[in-house]
Amino acid sequence: MSKYENYTEVSKFYDETRVPIGAEILIGALARLLRSRPGCRLLDAGCGTGSYAALALPHVDRIDVMDINPSMLDVARKKLAGAAHDGSVIFHEGSVQNMPFETACFDAVMFNQVLHHLESGEDGSFAGHRSALIEAHRVLRPGGLLIVNCTSHDQLRDSFWFMHLIPTALLALYNRCIPAKNLEAVSHEIGFSLEGRFVPLDGVLQGAAYFDSHGPLKPEWRKTDSTWALSSEVEIKAAEAKLRVLREKNGLDAYMTDHDGKRPQVGQATFFIARKT
């Protein structure tokens, strides 16, 4: 369960402004796995509304999709109803820190924009991240693949044009997003061997909605990005006031473009691909 966002409410809006990015990275990793073993059973851990599962579905034999929030899982059920009918998708309600699966039953496990919801990480231990990765290691078969899709500190700072408007939320996300070197070190300690780190430069997590310069002024737009749940009402009101002034001066689009300048070179997400040794 997310420690700071109400995904029961968010599930009503999530797919309006969220898209799965990095499809070529995910599919490439699965294709490489399939070359070494016949068939593939994939776990989408913290599946949300099932968008990444839908991308992966044509490339594996079976997907188990799991989320702790029943409302998000209900959206995934509707999205993947056809595949569920023929048995290629199975749904589970459960936690990534205590997975309801037997040991060594999956060929691949993926976490997509999930781990930062587990704990604040202020003490630097990232114990929640570690427990989720330990569970992934447990349920993977020998040689199985781990795919972690998360956002780095550099990407948080430079790749979201509105982020500097809510500095409290930005700091909170810094604490929640494990640094790359820490993630790699923890994965190695658990028993994974890193195979690569990849950044999809051409994708934005909110899709076309990201480029709506008026978006942060709309509550429904903010609800689809959990960043805003980490910000105080006072900070949000101050951000709205600044954006309204810019709108009145017809400067809002230029403001967004100016603060979005580094994103095409930095990207909004980083994929870590590792294998159970």
Side-chain angles (χ1 to χ4, degrees), residues 1-23 26 42-57 63-85 88-101 109-120 128-129 132 135 147-151 160 162-163 166 169 172-173 176-177 203-212 214-233 236 268-269:
M1 180 70 71
S2 174
K3 298 294 192 300
Y4 64 91
E5 179 61 280
N6 179 4
Y7 274 104
T8 298
E9 179 65 21
V10 168
S11 66
K12 302 172 185 177
F13 308 96
Y14 193 80
D15 282 344
E16 294 178 13
T17 63
R18 295 289 287 194
V19 298
I21 67 173
L26 171 61
L42 168 67
L43 170 63
D44 187 355
C47 67
T49 61
S51 295
Y52 277 98
L55 282 180
L57 186 59
I63 300 182
D64 291 71
V65 295
M66 180 187 74
D67 203 276
I68 200 167
N69 185 280
S71 296
M72 295 291 275
L73 201 57
D74 283 346
V75 178
R77 284 193 178 97
K78 294 174 183 177
K79 187 177 297 181
L80 301 166
H85 182 73
S88 55
V89 174
I90 308 296
F91 300 93
H92 310 268
E93 187 175 330
S95 168
V96 298
Q97 295 176 270
N98 186 23
M99 298 181 184
F101 305 110
V109 174
M110 62 181 181
F111 297 102
N112 291 295
Q113 296 292 317
V114 171
L115 297 181
H116 61 283
H117 286 287
L118 298 180
E119 82 253 275
S120 69
H129 290 60
E135 276 292 88
I147 303 168
V148 178
N149 161 12
C150 55
T151 299
F160 297 84
F162 53 84
M163 193 70 77
I166 44 176
L173 276 177
R176 288 183 167 276
C177 293
V204 287
L205 290 167
Q206 291 171 284
Y210 171 80
F211 301 101
D212 178 5
H214 299 263
L217 292 167
K218 307 170 187 175
E220 63 274 17
W221 188 95
R222 296 197 300 266
K223 284 181 180 179
T224 60
D225 189 321
S226 63
T227 302
W228 295 88
L230 291 166
S231 189
S232 68
E233 282 299 317
I236 291 173
Q268 290 189 340

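Position 1 is the first residue of the sequence; numbering continues from there. Quantities reported herein were computed from a predicted structural model and do not represent experimental measurements.
Within the 4.5 Å cutoff, side-chain heavy atoms of Leu73 are placed close to those of Cys47. The shortest distance between side-chain heavy atoms of Met66 and Glu93 does not fall below 4.5 Å. A heavy-atom distance below 4.5 Å is not found between the side chains of Val96 and Ile68. No side-chain heavy atom of Ser11 sits less than 4.5 Å from a side-chain heavy atom of Asp74. For the pair Phe160/Leu205, a side-chain contact is recorded, criterion being any heavy-atom separation below 4.5 Å from C-beta on. At a threshold of 4.5 Å between non-hydrogen side-chain atoms, the residues Leu42 and Val109 do not count as touching. Using a 4.5 Å cut-off on side-chain heavy atoms (C-beta onward), Leu55 and Pro20 make contact. Within the 4.5 Å cutoff, no side-chain heavy atoms of Glu135 are placed close to those of Gln97.
Between the Glu119 side chain and the Gly128 main chain, a donor and an acceptor come within less than 3.5 Å of each other. The closest donor-acceptor contact from the side chain of Ser88 to the backbone of Ala83 lies under 3.5 Å.
Closest non-hydrogen pair, Tyr4 versus Leu173, comes out as OH-CD2, 4.1 Å. Closest non-hydrogen pair, Leu217 versus Arg222, comes out as C-NH1, 3.7 Å. For Ser51 against Lys79, the heavy-atom pair with the smallest separation is OG-NZ, 2.8 Å.
One finds the OH atom of Tyr14 at 7.5 Å from the OG atom of Ser226 (value rounded to the nearest 0.5 Å). Rounded to the nearest 0.5 Å, atoms NE2 (His117) and SG (Cys177) are 9.0 Å apart. Rounding to the nearest 0.5 angstrom, the gap separating the CD atom in Glu5 from the CG atom in Leu230 is 8.0 Å. The line from CG of Asp15 to OG1 of Thr49 is 3.5 Å long, rounded to the nearest 0.5 Å. The OG1 atom of Thr17 sits 9.5 Å away from the CD atom of Glu220 when rounded to the nearest 0.5 Å. With values rounded to the nearest 0.5 angstrom, Asp212 atom CG is found 9.5 Å from Gln206 atom CD.
Aromatic ring centres of Phe162 and Trp228: separated by under 6.0 Å.
For the side-chain contact (heavy atoms from CB on, under 4.5 Å) criterion with Thr151, the lone passing option out of Gln268, Gln113, Arg176, His116 is Gln113.
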*Take Phe211 and Val204, measure what side chain to side chain contact (heavy atoms under 4.5 Å, CB included) needs, and give me the verdict at the end.*
CA-CA 9 Å; Phe211 301 101; Val204 287; 3.9 Å; yes
*Test side chain to side chain contact (heavy atoms under 4.5 Å, CB included) on Val148 and Met110 and set out the steps.*
CA-CA 6 Å; Val148 178; Met110 62 181 181; over 6 Å; no
_I'd like to know whether Trp221 forms a side chain to side chain contact (heavy atoms under 4.5 Å, CB included) with Glu16, so could you lay out the CA-CA distance, the side-chain angles of the two residues, the decisive distance to 0.1 Å, and finally the verdict._
CA-CA 9 Å; Trp221 188 95; Glu16 294 178 13; over 6 Å; no
*Run the numbers on Lys78 and Val75 for side chain to side chain contact (heavy atoms under 4.5 Å, CB included), then give the verdict.*
CA-CA 5 Å; Lys78 294 174 183 177; Val75 178; 5.8 Å; no
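Looking at residues two or more places apart in sequence or on another chain, you find a side chain to side chain contact (heavy atoms under 4.5 Å, CB included) between Ala53 and Asp44, Ile63, Val65, Leu80.
In the model, Tyr7 has no side-chain atom that pairs as donor or acceptor with a side-chain atom of Asp67 under 3.5 Å. Between the side chains of Thr8 and Asn69, a donor-acceptor pair is found at a separation under 3.5 Å.
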